[in-house]
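Only one structure is covered here, and it is reproduced in the block below.
Here is the naming used below: chain letters follow the sequence lines, and residue numbers restart at 1 for every chain.
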Amino acid sequence: MQEAADYLAALNPSQLAAVKHDGSSLLILAGAGSGKTRVITTKIAYLIKEKHIDPYAVLAVTFTKKAANEMKERAVALEPRAEYAQIRTFHSWGAYFLRAHAEAAGISKNFTVYDDDDMVTLLGKAVPSLSRQQAALAAHKISLAKDYCCTPDSERLCTISDDPQFADIYAAYEKRLRETGNVDFGDLIMLPYLVLRDNGALRHAMHLRYRVIMVDEYQDSNVAQYLLLQQLAGVEESSGTYVCVVGDDDQSIYRFRGAEVQNILNFQNQFPGTDVIRLEMNYRSTSEILACADSVVRHNGGRLGKTLVAARGKGKLPTLVFLPTQDDETQFCAEIIAQAYQNGTPYSEWAILYRTNAQSLGFETEFLHRKIPYTIVGSLKFYEREEIKDALAWISFVANPRDEVAFRRIVNKPVRGIGAVSQDKVVAAGAGVSLLAGCRNVKLSKKAQEGIQAFCALAEEFTAMLGESVPAAGTAVAETSAADGATGNAAPEEYAAAAGNPAPAASGAKLAEFVEAVIRKSGLEEFHKSQDDVSGTQKLSNLQELVNSAVLYPCTRQGLLDFLDHIQLDRTLETEDSAAPRDSVTLITLHNTKGLEFPRVIITGMESGIFPRDDKTGGELEEERRLFYVGITRAKNELYLTSCGLRRLYGRTNFMQPSPFLAEIGAGRLRVLGQKPSSFGSERAGDEDPLARRYRKGTGIYHDDYGHGQVIGTETSPDGELVIRVSFESGGIKKFLPKYQEKSLMIED
DNA sequence: AGTGCAACTCTTTTT
DNA sequence: GAGTTGCACT
């Protein structure tokens with residue numbers, strides 16, 4: 001009892017109301033930093049503790065593995081029985097459901113998940129007339145269609161693509177995908193929805209099972225997820241399942257991935273009788289920072305509306321810094337971080353935020369130079385590396401020999417003389433059944449035939465290692481103890497030797513050894529070792545990293561599938577390994593900051609065209625604005641915004657104007673440093689510029705890229721520097737900034 | 001089938 | 001400017 005009082009006493013009145021709420025659906029509008037996770041986890045604990053809900057009947061879904069892990073951890077800390085609640089990502093729940101109901105969904109129970117690249121590969125084969133780029137575009141559209149639960153025959157497909165052939169392309173892709181037995185990410189949501197929609201008994205069983213369903217970050221859910229939630233909750237069937245969604249419409253930033261803000265805006269209509277509780281007390285940021293955030297997001301229409309109240313003090317006024325160039329920007333950031341470090345502020349208190357990954361480069365260079373440790377979040381993706389995808393393809397193929405994409409990836413790597421033509425023949429012969437059967441049934445050239453033979457032998461050997469298709473149970477038991485001994489020594493060579501025996505690997509073996517054997521025997525190790533030798537890459541050690549990550553899984557088919565699910569459904573978890581310095585500055589895209597907080601934040605590149613991008617209008621512009629809002633609300637104590645007058649973009653130097661978002665923050669909410677560009681109402685720069693004399697109107701110019709030309713006019717850049725306009729004989733008119741580009745501007749008489 | 005060079009195109013990306 | 005794609009050549 002005492003314990004119960006304690007964990008509830010930590011809540012403010014609205015949080016407590018959200019935890020105790022019952023009787024109808026609930027929408028919790030949780031502003032940034034309002035203790036959202038605390039509310040969800042406390043509610044889970046409360047339901048189990050106080051309301052005697054069976055933990056097994058609780059389903060809580062999030063969007064990222066990280067969020068799911070954190071939620072589980074914190075709920076279990078409050079109530080140990082929460083261990084048995086289903087707390088997972090939407091997609092991992094989908095995978096779990098589909099493994100149990102593979103047949104109803106029309107897929108293999110040994111399915112693996114195709115990522116975006118795999119989709120493009122498969123689509124390229126399903127519709128060969130598509131160029132690589134067309135295939136990539138169509139694959140993206142197919143993903144989007146699935147995010148909206150549109151099948152190829154759906155009437156709403158035209159809202160996804162106006163290409164009249166799109167439905168056929170989509171249908172061809174689906175046919176080919178079903179032949180592989182695999183699914184793509186969209187299927188992990190859409191297929192469970194379709195299965196439940198069409199199977200009343202199963203739906204009813206789900207209603208009986210899940211008495212409580214909670215969804216986190218609901219503003220980033222897509223239509224398919226909404227439809228799935230509707231089926232699971234049995235809204236129209238009075239299932240009595242309690243639904244609680246938590247989110248913040250102001251932080252919806254994944255529309256381009258199919259997220260539909262309307263889900264949260266319309267929740268009250270879609271789930272009749274919904275109560276709404278707002279969490280508006282912000283425990284993260286000082287009030288000056290929140291004032292900026294509010295003044296920005298206020299410019300958006302169609303909000304549910306929320307006003308954050310700072311639980312903390314006023315704090316420092318956020319700072320806006322105008323800088324001449326992007327190099328000044330990186331230097332400025334490095335400088336204030338280094339100075340703060342001198343005064344005892346750890347590097348880890350700082351985060352540098354940018355709109356695009358490409359912007360990280362300058363900071364990396366500068367920080368390297370100044371020996372400021374940094375960590376880049378989310379740029380290098382472990383699972384997307386060639387060697388990792390190769391190894392995973394082999395493993396996936398062993399799990400599911402209908403996997404065409406995996407087959408094509410590995411069958412001729414290293415070279416076995418099996419070219420595209422031979423591959424097509426094998427796939428045609430084995431489609432929908434088994435590509436290994438296809439290998440055996442197909443007639444190929446002598447060279448290709450030999451290669452296929454070697455490939456099949458490998459595949460069969462690896463399959464045998466999973467310890468199934470055992471001829472006699474008795475031998476398997478006998479082999480178990482023997483192999484256990486070998487495993488204890490963990491010597492890969494020993495295992496390899498043991499695996500050479502006709503008897504299958506035993507149940508005690510670790511999957512890591514299987515993965516290692518696959519990598520070595522398939523020739524991938526040798527193949528990538530030579531790549532390392534030539535290009536100085538780290539492919540071999542990356543492969544070793546993959547082997548290590550399999551150590552916790554048993555060497556069985558189930559262990560293998562679990563391992564693949566883990567990899568496919570937790571892709572953010574790159575190797576958080578060795579190189580990461582303990583105390584370091586975080587370099588991160590604005591998107592990736594969602595859910596994070598830092599004592600000191602610098603949002604860089606606050607320039608029109610970069611942030612927001614200049615092609616953004618209407619709803620998309622509002623999404624950019626929300627992204628800015630997310631960025632601002634990451635800051636606890638200090639916030640800096642930087643804006644450059646000149647930026648290199650795609651190899652060209654461009655004049656930049658300050659982001660329109662800056663003007664939306666009212667005057668007086670920012671301390672402004674640096675030279676204000678003219679558009680912000682600054683006085684003109686001084687009169688006599690020595691450069692102006694050299695580059696007078698009429699001056700002849702020779703430029704390496706553009707040839708001969710003549711200065712036809714001069715003006716002043718946003719930061720008061722001389723700008724010349726040059727008309728070239730070749731036809732274009734270009735602007736130059738002599739101060740920075742003098743080297744490429746030769747003066748002619 | 002593998003290599004080399006010219007041409008293209010550049011967001012964001014939980015799963 | 002850089003990384004990638006696609007074609008042509010061997």
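The CG-P distance, from A/L137 to B/dT9, rounds to 13 Å in whole Å. As rounded to whole Å, 9 Å separates atom P of B/dT13 from atom OH of A/Y354. Separating the CG atom of A/L649 from the C1' atom of C/dG1 is a distance of 11 Å, rounded to the nearest angstrom. Nucleotide B/dT13 holds its C1' atom 12 Å from the CG atom of A/D115, rounded to whole Å. Look at CG on A/D615: it is 12 Å from P on B/dT12, rounded to the nearest Å. Put simply, CD on A/E70 is 17 Å from P on B/dT14, counting in whole angstrom units. Between the CG atom of A/L144 and the P atom of B/dT13 there is a distance of 17 Å, rounded to whole Å. Remark: P of B/dT12 and OH of A/Y254 are 11 Å apart, rounded to the nearest angstrom.
Taking a centre distance below 5.5 Å and an interplanar angle below 30 degrees as the stacking criterion, A/F90 does not stack against the six-membered base ring of B/dT15. Under the stacking definition used here (centres under 5.5 Å, planes under 30°), the residue A/F256 qualifies as stacked on the base of B/dT12.
In this structure, A/D220 reaches the bases: a heavy-atom distance under 4.0 Å links it to at least one base atom across the strands shown. When heavy atoms are screened at a 4.0 angstrom cut-off, A/R648 is found touching no nucleic acid atom at all. Among the protein residues, A/V113 comes within range of no part of the nucleic acid, since none of its heavy atoms lies under 4.0 Å from any strand. Residue A/E623 is out of contact with every strand shown, counting any heavy-atom pair closer than 4.0 Å.
The nucleotide whose nearest atom lies closest to any side-chain atom of A/Q133 is, among B/dT12, B/dT9, B/dT15, B/dT9. Nearest nucleotide to the A/V415 side chain, out of B/dT14, B/dT13, B/dG2: B/dG2. Side-chain proximity of A/F63 to C/dG1, B/dT13, B/dT14: nearest is B/dT14. Among B/dT14, B/dG2, C/dG6, the nucleotide with an atom closest to any side-chain atom of A/R132 is C/dG6. Here B/dT13 is the nucleotide among B/dT14, B/dT13, C/dG1 with the atom lying nearest to any side-chain atom of A/H591.
For the pair A/K36 and A/D248, the salt-bridge criterion is not met [side-chain N within less than 4.0 Å of a carboxylate O]. Look at A/K141 and A/D163 and you find no salt bridge, because none of the NZ, NE, NH1 or NH2 atoms lies under 4.0 Å from a carboxylate O.
Side-chain N/O atoms of A/S92 include none lying less than 4.0 angstrom from OP1 or OP2 on B/dT15. Here A/N357 does not reach the OP1 or OP2 of B/dC10: none of its side-chain N or O atoms lies under 4.0 Å away.
Ring geometry, A/F363 versus A/F367: the interplanar angle exceeds 60°, so the pair is classed perpendicular (tilted spans 30 to 60°).
Taking for each of A/A420 and A/L569 the nucleotide of DNA chain B with the nearest heavy atom, the 5'-most of the two is the partner of A/A420. If A/K594 and A/K447 are placed on DNA chain B by their nearest nucleotide, the residue sitting closer to the 5' end is A/K447.
Side chain A/R613 to base B/dT12: no donor-acceptor pair is found below 3.5 Å.
Closest non-hydrogen pair, A/R416 versus A/F455, comes out as NH1-CD1, 4.0 Å.
Between A/V195 and A/F97, some side-chain heavy-atom pair lies under the 4.5 Å cut-off. Within the 4.5 Å cutoff, the side chain of A/Y170 has no heavy atoms near those of the A/I160 side chain.
Of the C1' atoms belonging to B/dT14 and C/dG3, the separation is 26 Å, rounded to the nearest Å.
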